Every structure is written in structure tokens, then in C-alpha cells.
Amino acid sequence: MAAAGHVNIPETWWKHEMFTPKCTCLDNELIIKSGEDHRNHFRSFIKKKWRYGLVDESMWLFRRNPFQNVISWTAAISGLLSNGMHLKSIELFLEMLSYGVMPNNVTFVSVVRACAEMTDFALGMSVLSLVVKLGFEYDVSLCNSLITFSLRLGKMEMARRVFEQMEKRDVISWTVILDLYVEMGNLQEARKVFDEMPERNEVSWSAMISRYTQIGDSKDAIELFCQMIENGIKPNSSCLASAINALANLKSLQPGKTIHAHVIKIGLANDVFISSSLIDLYGSCGRPKDGRLVFDMVQNKNAVCWNTMISTYSSSGHLEEAKKLFDQIPMKSIGSWNSMVSGYLENDQYNKVFEVFNDMLLSGQKPDVSTLSSVLCACANLTSLEKGKDIHGKTFKLGFQHDVFVGTSLVDMYAKSGDIDNSKRVFNKMTEKNEVSWTAMIQGLAENGFAEESLELFQEMEKTTRIKPNELILLAILFACSHCGLVDRGLHYFNVMEPFYNIKPNERHYTCVVDMLSRSGRVSEAEDLIKSMLCEPEVNAWAALLSGCKTYGEDDIAERTAAKIQELAGKKTGGYVLLSNVFASAGKWPEVVKTRKLMKERGLKKSGGCSWIEVRNESNLFYSQDGSCNDLNEICGVLEQLKYHMLVLFENN
DNA sequence: CAGTAGTTCT
């Protein structure tokens with residue numbers, strides 16, 4: 001055991017703290033006192049350096065370690081790996097081989113993981129051949145990492161084969177194979193594996209629970225969590241984080257509080273994973289202040305903690321708090337920027353979206369797919385073609401031109417801005433299209449008045465892809481039929497929605513069809529339809545019906561509809577607005593004033609109209625009945641001047 | 001005896 005003796009070391013580094021206090025040095029020779037084992041001293045010293053992520057220092061020490069063997073090499077390889085330097089770790093492995101040091105099973109576990117991280121299948125295969133050559137192919141942990149490797153590379157068959165040929169399997173093997181079925185989208189089979197596992201530990205339980213949470217089956221996740229507790233398994237921090245996450249999805253505040261209390265009791269209140277989930281829980285339950293209390297208690301906040309708190313503030317509308325916190329983040333990650341960008345987007349503050357986006361670019365942070373999608377969505381909402389085109393250019397510079405999310409956002413942006421040609425161009429160039437991409441294009445065509453094309457594209461989608469139409473696509477199709485006057489075809493789609501496409505028509509679908517029937521003069525059919533609805537009709541549906549009545553002189557129905565609208569007016573903002581419009585169109589001005597007054601008394605606010613113009617790439621917004629525009633006085637002054645000049649010109653001519 | 005494989009947060 002004792003590594004006593006003399007070891008040659010260079011002069012430059014013998015004074016290093018690594019050697020004190022157990023070693024002395026004389027004439028460039030490390031004198032190791034007999035009876036003391038320095039090997040472990042060295043190793044634990046280097047290990048600590050690796051754990052702190054001090055790569056250069058760790059490598060410096062590794063190079064000078066007088067006790068080099070397979071273990072120190074393996075430690076260095078895995079140290080590089082856990083610090084994200086995958087290629088370097090492979091290079092070190094090759095160097096090790098060139099020195100004639102024989103790798104063992106543990107070495108291969110790290111090397112296989114490096115191959116997985118680099119998603120390099122060929123490299124993995126050559127490592128595998130070496131594994132077989134040296135006879136490690138029956139090692140349990142090595143097989144486990146081989147299964148993980150195959151899974152990451154999408155080689156499901158291979159993963160299964162490795163699992164099946166194993167002579168011995170442990171908990172980890174079974175837990176890994178759970179993920180095989182999850183990756184294939186077969187959670188039932190995963191559950192079967194879980195139920196049939198010969199052995200389960202807290203990790204297997206949390207794997208299953210987290211999978212249910214991720215898929216959105218929060219109820220099943222919680223059920224499993226309860227079963228786990230009943231089985232006497234102590235949940236670890238990852239398990240608790242998953243459970244809290246599930247409760248956040250379900251917005252179950254009370255059970256969440258119970259777990260929170262438990263977390264404090266067992267001393268895990270400082271865990272960043274748990275705390276982030278708790279912040280999210282309180283945020284989802286509409287308690288951002290309680291989330292803030294949790295946030296303030298966390299000692300070592302990581303990026304996720306900060307970003308979760310910001311998202312919590314912005315999703316509950318506290319954008320000033322969000323921005324204040326954002327400005328305090330010591331190290332802003334891409335996620336921090338994205339949560340601020342999407343916060344403003346969610347709250348319809350599109351100018352702020354661009355402000356933060358510009359700050360982001362100025363700070364040197366490269367945007368990612370999610371940033372660009374959010375910013376493009378802001379462009380779409382502002383119908384700001386100039387800005388949208390600018391972002392389109394940036395997607396090329398950043399190399400995202402083939403990304404399906406960015407492409408879809410571009411299609412939508414161009415369509416919403418009315419530039420349907422560019423929208424189609426982007427769509428046709430996309431190498432990968434998903435359900436959302438098709439939805440955006442079909443919707444874009446329908447809403448821009450290209451109803452025929454929209455219907456054609458829908459048929460193309462049904463013919464060439466396996467994508468099933470969703471609620472929004474069908475809405476667009478009904479809209480297209482309505483605006484093309486293809487009433488029977490529209491009715492056909494409406495009637496087959498539920499039996500054929502398995503989609504229950506919602507209020508918006510009904511409104512579309514009512515509108516379609518009313519426009520084409522089939523007013524009484526429209527009335528029958530609206531009366532047959534199981535859900536509450538939208539105010540717009542009544543409005544469409546009324547407008548049809550007026551066009552086609554259906555006075556009886558008009559009277560009934562107007563009465564209905566009056567009745568509805570008490571309940572909804574839109575009802576009052578509609579009512580006052582009905583009165584207005586009938587010329588009953590005193591009634592209009594009365595209705596508006598009633599709205600004001602009841603504190604109902606009509607969402608304000610807003611117009612804008614783009615001047616020198618900057619949007620200027622103008623709100624109705626509201627002098628909130630900063631330069632309003634100046635603008636009015638200029639208008640007066642213009643008017644004066646016009647009058648002068650007019651008189652001179 | 002050391003070096004390793006599976007699960008957690010926006």
C-alpha cells in the first residue's frame with residue numbers, strides 16, 4: 001500500500017500544495033515517507049479540482065502525477081467529460097492507448113458516454129469493437145452505458161439487443177430501458193416495464209414520475225408519487241421536484257404547500273431544483289409573492305431559479321417586477337433573455353420585445369430559435385413587415401434558416417403582415433414541416449382571402465402527410481369556405497369534424513358556420529344552428545346572424561336576435577358594444593349613449609382600438625380616446641400646419 | 001480502496 005520511495009519530479013512544481021504536508025523534496029526528488037499512502041492523497045486532491053471545474057489546473061496536476069495508472073487516466077478522461085470537453089476526453093483516451101496503458105471497464109464507461117455526448121455513432125462502434133476485443137462486453141455498467149448510447153443516437157433496436165443479451169441486469173439497466181419505450185412514445189409499455197421490474201429504487205420511481213409529468217399526465221404522476229410513498233420509498237430531491245412540477249401543472253396549491261412544508265422539514269429547502277419547481281407552483285397558482293419568498297430563501301440561485309421567477313412575474317402581469325429582477329441577474333443566460341422576451345410578448349408589449357431583443361444583441365448574446373420565434377411573433381402581431389424582414393435576414397446570419405420553428409414563425413409573420421407571397425415562399429422552402437407549419441400556412445391563406453388555395457393546401461396536407469387536422473386548421477377551412485361562398489362544402493367539413501376528424505366543434509367553429517349561413521341568406525338555418533349549440537355561443541355569432549337578417553330582410557329573426565343580444569349584454573363586455581352598435585345602425589342614438597353610459601357605470605371597458613405607423617423602422621402607436629402618445633401635441637401642431645398649407649394651395653389654384 | 005452507468009427545475 002505504501003508508495004514509499006523516490007519519485008523524479010521537475011523542479012518547477014514540487015512546492016505545490018499537493019505535496020504538503022506529507023512530502024518533502026530534496027534535489028528535485030520527491031521523498032515519500034515510508035508507511036504513508038500518497039496515492040489517495042493525490043487522487044482526492046485532483047478529484048476536488050475536477051469537481052470545481054478547474055480544468056486547466058486539474059490537467060496540470062494530472063500531467064505531473066507520479067502515480068500514473070489506469071485509474072488516474074480514467075479520472076482525467078471523465079473529468080474532461082463532465083466539464084463538457086468531449087473531444088478532449090477522447091483525445092486523452094487515445095493518448096492513453098498510445099502509452100500502452102490498458103483501459104478497463106470503468107474507462108470504457110466514460111469513453112462510451114463521450115461518444116454519446118458527441119452523437120458520433122461511428123466512433124462509438126469502434127470503441128465497441130475494442131470493448132469486445134478486450135472482453136468487457138458482459139460488464140453490467142458498461143452495457144448500461146451502451147444502452148444509453150444507443151438510445152441517444154436513436155438506435156432503438158440496438159438498445160434492445162444489448163439489454164436482451166445481458167446475462168445480469170441491475171436496477172440501472174431496467175431504469176435505462178424504461179426510457180427506450182418513453183423515447184418511442186410508448187408510455188404504456190414503459191409503465192409495463194416499470195411494473196415488472198424485479199427491483200426498483202428511488203431513481204426508477206422518479207424516472208417514471210417525471211416522464212408522466214413531462215408528457216402532461218400530471219394526475220398519473222401524482223398517483224405514482226403517492227404509491228411510492230406508500231411503498232416506503234423515500235423521495236429524493238429529483239422526485240420531489242417532479243411531483244411539485246406535476247402539482248404546478250394541476251394548479252393544486254394545497255397539496256403543493258404540504259410538500260413544501262415537508263421539503264423544509266427534511267432540510268431540502270435550499271435545493272435549486274425543488275425551489276425552481278416551487279416558484280413555478282406558486283406562480284401557476286397565481287401567487288407570485290409566495291414564489292418570491294421561496295426565491296429569496298435560495299442561497300445559491302442558478303439561472304433556472306432566476307428565469308423561473310421572471311416568468312412567474314411576467315405571466316401574472318407584473319412586468320415591472322420582472323424587469324427589475326432581470327436587471328439584477330448576475331450572469332444572464334440565453335434563458336434569462338428569452339423569459340424576458342416572451343414575458344413582454346405574452347403581455348402584448350411588442351415594442352418592449354424589440355427593446356429587450358436589441359439589448360440582447362448589444363450584450364453579445366446570440367439569440368436562439370426560441371428568441372427568434374418570439375420576436376417574429378411580435379412582428380406578426382404588429383404586422384410590422386420591415387422588422388420581420390430584418391429578423392428574416394438575421395435567421396440566415398445565425399444559421400437557423402432550416403429550423404422548423406423559425407420557418408413556421410416566418411410563414412405566420414409574413415401571412416399576418418399580408419405578404420402572402422413571401423409567406424408561401426418560406427413555406428415551400430422549408431425542409432421540415434410540422435403540424436403548426438401547415439396550420440400557419442392554411443390559416444394565412446384563408447385569412448388573406450386566398451380561400452381556394454387554402455382548401456387546396458389542406459387537401460395536399462391530407463394526401464401527402466400523416467398530419468391530422470387540428471381545431472385551428474378546421475377553423476381556417478370553415479373560414480375559407482365561408483368567404484368563398486362554398487356553403488355546402490363548409491357544411492360538409494363542419495358535419496364530419498366530430499365523426500371523421502374526432503374534433504368537437506367549439507364556439508368559434510359555430511360562429512364561422514353561422515356567419516357562412518347568414519351571409520348566403522340561409523338565415524333560419526343559421527338561427528337553428530345557434531340554438532342547437534351545447535356550448536355558449538359567442539357574441540359574434542349573434543352579430544353575424546343579425547347582420548344576415550338585415551341583408552336578407554328577415555325581420556322576425558332580427559327581432560328575436562336583438563332581444564337575445566340585449567339579454568346577453570348584461571353579462572359580457574362584447575354584448576354591450578354589440579348592443580350599442582345595433583342601436584347605432586338603427587339610428588337610435590339616445591339608446592347608444594345610454595348603453596355606453598351603462599358600460600361605464602358597470603366598469604366594463606372595451607379593449608381600446610389601436611393604430612400605428614412605421615417611421616424609420618420604428619412603430620408609433622396611437623390609442624383611441626387616449627392621449628397616451630407622447631408627441632400628440634406636436635403631431636396635432638404639424639397637422640394644423642399641413643391643413644393651413646393645403647388651404648393656401650387650394651385658394652391659389 | 002480509487003475512476004463509472006440511470007432520474008430533477010423555465
Side-chain angles (χ1 to χ4, degrees), chain A residues 1 37 39-44 46-47 50 62 67 69-79 81-82 103-114 116 136 139-149 151-152 162 169-180 182 194 197 200-211 213-214 221 235-246 248 268 271-281 283-284 291 294 298 301-315 333-340 342-343 370:
Chain A
M1 207 40 52
D37 187 359
R39 244 171 247 191
N40 289 337
H41 178 67
F42 268 72
R43 281 184 200 127
S44 67
I46 301 183
K47 195 175 158 188
W50 277 120
F62 165 73
F67 310 111
N69 65 0
V70 59
I71 292 167
S72 57
W73 280 93
T74 305
I77 290 169
S78 83
L81 196 59
S82 52
N104 63 13
N105 52 341
V106 182
T107 320
F108 277 119
V109 167
S110 291
V111 175
V112 169
R113 207 185 114 207
F136 291 121
D139 184 86
V140 179
S141 30
L142 187 45
C143 284
N144 291 343
S145 45
L146 277 172
I147 298 173
T148 307
F149 167 79
L151 229 57
R152 294 270 152 81
V162 176
R169 300 180 188 109
D170 62 4
V171 205
I172 298 177
S173 325
W174 284 99
T175 311
V176 175
I177 215 71
L178 263 185
D179 260 357
L180 174 84
V182 173
F194 178 78
M197 276 165 77
R200 270 172 286 186
N201 63 10
E202 75 281 3
V203 178
S204 336
W205 281 93
S206 27
M208 202 62 220
I209 292 170
S210 72
R211 296 284 102 111
T213 310
Q214 280 160 6
N236 61 12
S237 72
S238 53
C239 210
L240 288 164
S242 292
I244 296 167
N245 205 9
L268 281 177
D271 185 285
V272 278
F273 284 98
I274 291 181
S275 301
S276 302
S277 302
L278 279 171
I279 296 169
D280 186 41
L281 168 83
S284 322
V294 176
V298 186
K301 300 176 184 62
N302 66 5
V304 179
C305 274
W306 284 94
N307 302 344
T308 309
M309 194 63 233
I310 288 172
S311 303
T312 294
Y313 273 138
S314 48
S315 61
S333 67
I334 177 82
S336 322
W337 290 100
N338 284 347
S339 52
M340 207 59 232
S342 55
S370 148

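Small disclaimer: the values here were computed from a predicted structure and weren't measured. A, B, ... follow the sequence lines: proteins, then strands. Residue 1 opens every chain.
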Output the rounded distance in Å from [atom1] ([X]) to [atom2] ([N]).
X: Glu202(A); N: dT8(B); atom1: CD; atom2: P; result: 14 Å
X: Trp174(A); N: dG6(B); atom1: CH2; atom2: P; result: 18 Å
X: Ile46(A); N: dG3(B); atom1: CD1; atom2: C1'; result: 12 Å
X: Phe149(A); N: dG6(B); atom1: CZ; atom2: C1'; result: 17 Å
X: Asn144(A); N: dG6(B); atom1: CG; atom2: C1'; result: 7 Å
X: Ile244(A); N: dT7(B); atom1: CD1; atom2: P; result: 20 Å
X: Asp139(A); N: dA5(B); atom1: CG; atom2: C1'; result: 10 Å
X: Trp306(A); N: dC9(B); atom1: CH2; atom2: P; result: 21 Å

ring-ring contact (aromatic ring centres under 6.0 Å, His included) partners of Trp50(A), counting only residues at least two apart: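 None.
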
Go through the structure and list residues passing ring-ring contact (aromatic ring centres under 6.0 Å, His included) with Trp337(A), not counting sequence neighbours. Phe326(A)

Which is true for [X] with a 4.0 Å heavy-atom rule: it touches a base, it touches only sugar-phosphate, or it touches nothing?
X: Val304(A); result: base
X: Asn201(A); result: base
X: Ser277(A); result: sugar-phosphate

Look at the side chain of [X] and decide which nucleotide, out of [options], has an atom nearest to it.
X: Ser276(A); options: dG6(B), dT7(B), dC9(B); answer: dC9(B)
X: Asn302(A); options: dT7(B), dC9(B), dG3(B); answer: dC9(B)
X: Ser242(A); options: dA5(B), dG3(B), dT8(B); answer: dT8(B)
X: Asn236(A); options: dT7(B), dG6(B), dT4(B); answer: dT7(B)
X: Val106(A); options: dG6(B), dT8(B), dG3(B); answer: dG3(B)
X: Asp170(A); options: dT8(B), dT7(B), dA5(B); answer: dA5(B)

For [X] and [N], is the shortest distance between a side-chain N/O and OP1 or OP2 below 4.0 Å?
X: Lys47(A); N: dG3(B); result: yes
X: Ser141(A); N: dT4(B); result: no
X: Arg113(A); N: dG6(B); result: no
X: Asn245(A); N: dC9(B); result: yes
X: Gln214(A); N: dT8(B); result: yes
X: Thr148(A); N: dA5(B); result: no

Kindly state whether the pair Phe273(A) / dC9(B) counts as stacked, where counting means centroids closer than 5.5 Å and planes tilted less than 30° apart.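 Not stacked: fails the 5.5 Å / 30° test.
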
So, the side chain of Asn69(A) versus the backbone of Ser72(A): is there a donor-acceptor pair under 3.5 Å, distance only? yes

Heavy-atom donor-acceptor pair, Asn307(A) side chain to Ile310(A) backbone, under 3.5 Å: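 No, because the side chain of Asn307(A) does not come within donor-acceptor range (under 3.5 Å) of the backbone of Ile310(A).
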
Passing option when Val106(A) is tested against Val111(A), Val70(A), Thr74(A) for side-chain contact (heavy atoms from CB on, under 4.5 Å): Thr74(A)

I need the single residue from Ile209(A), Leu240(A), Thr213(A) that forms a side-chain contact (heavy atoms from CB on, under 4.5 Å) with Asn245(A). Which is it? Thr213(A)

Would you state whether a donor and an acceptor, one from the side chain of Ser206(A) and one from the base of dT7(B), lie under 3.5 Å apart? yes

Confirm from the modelled atom types if Ser311(A) and dT10(B) form a donor-acceptor pair under 3.5 Å, side chain to base only.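 Such a pair does not exist between side chain and base.
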
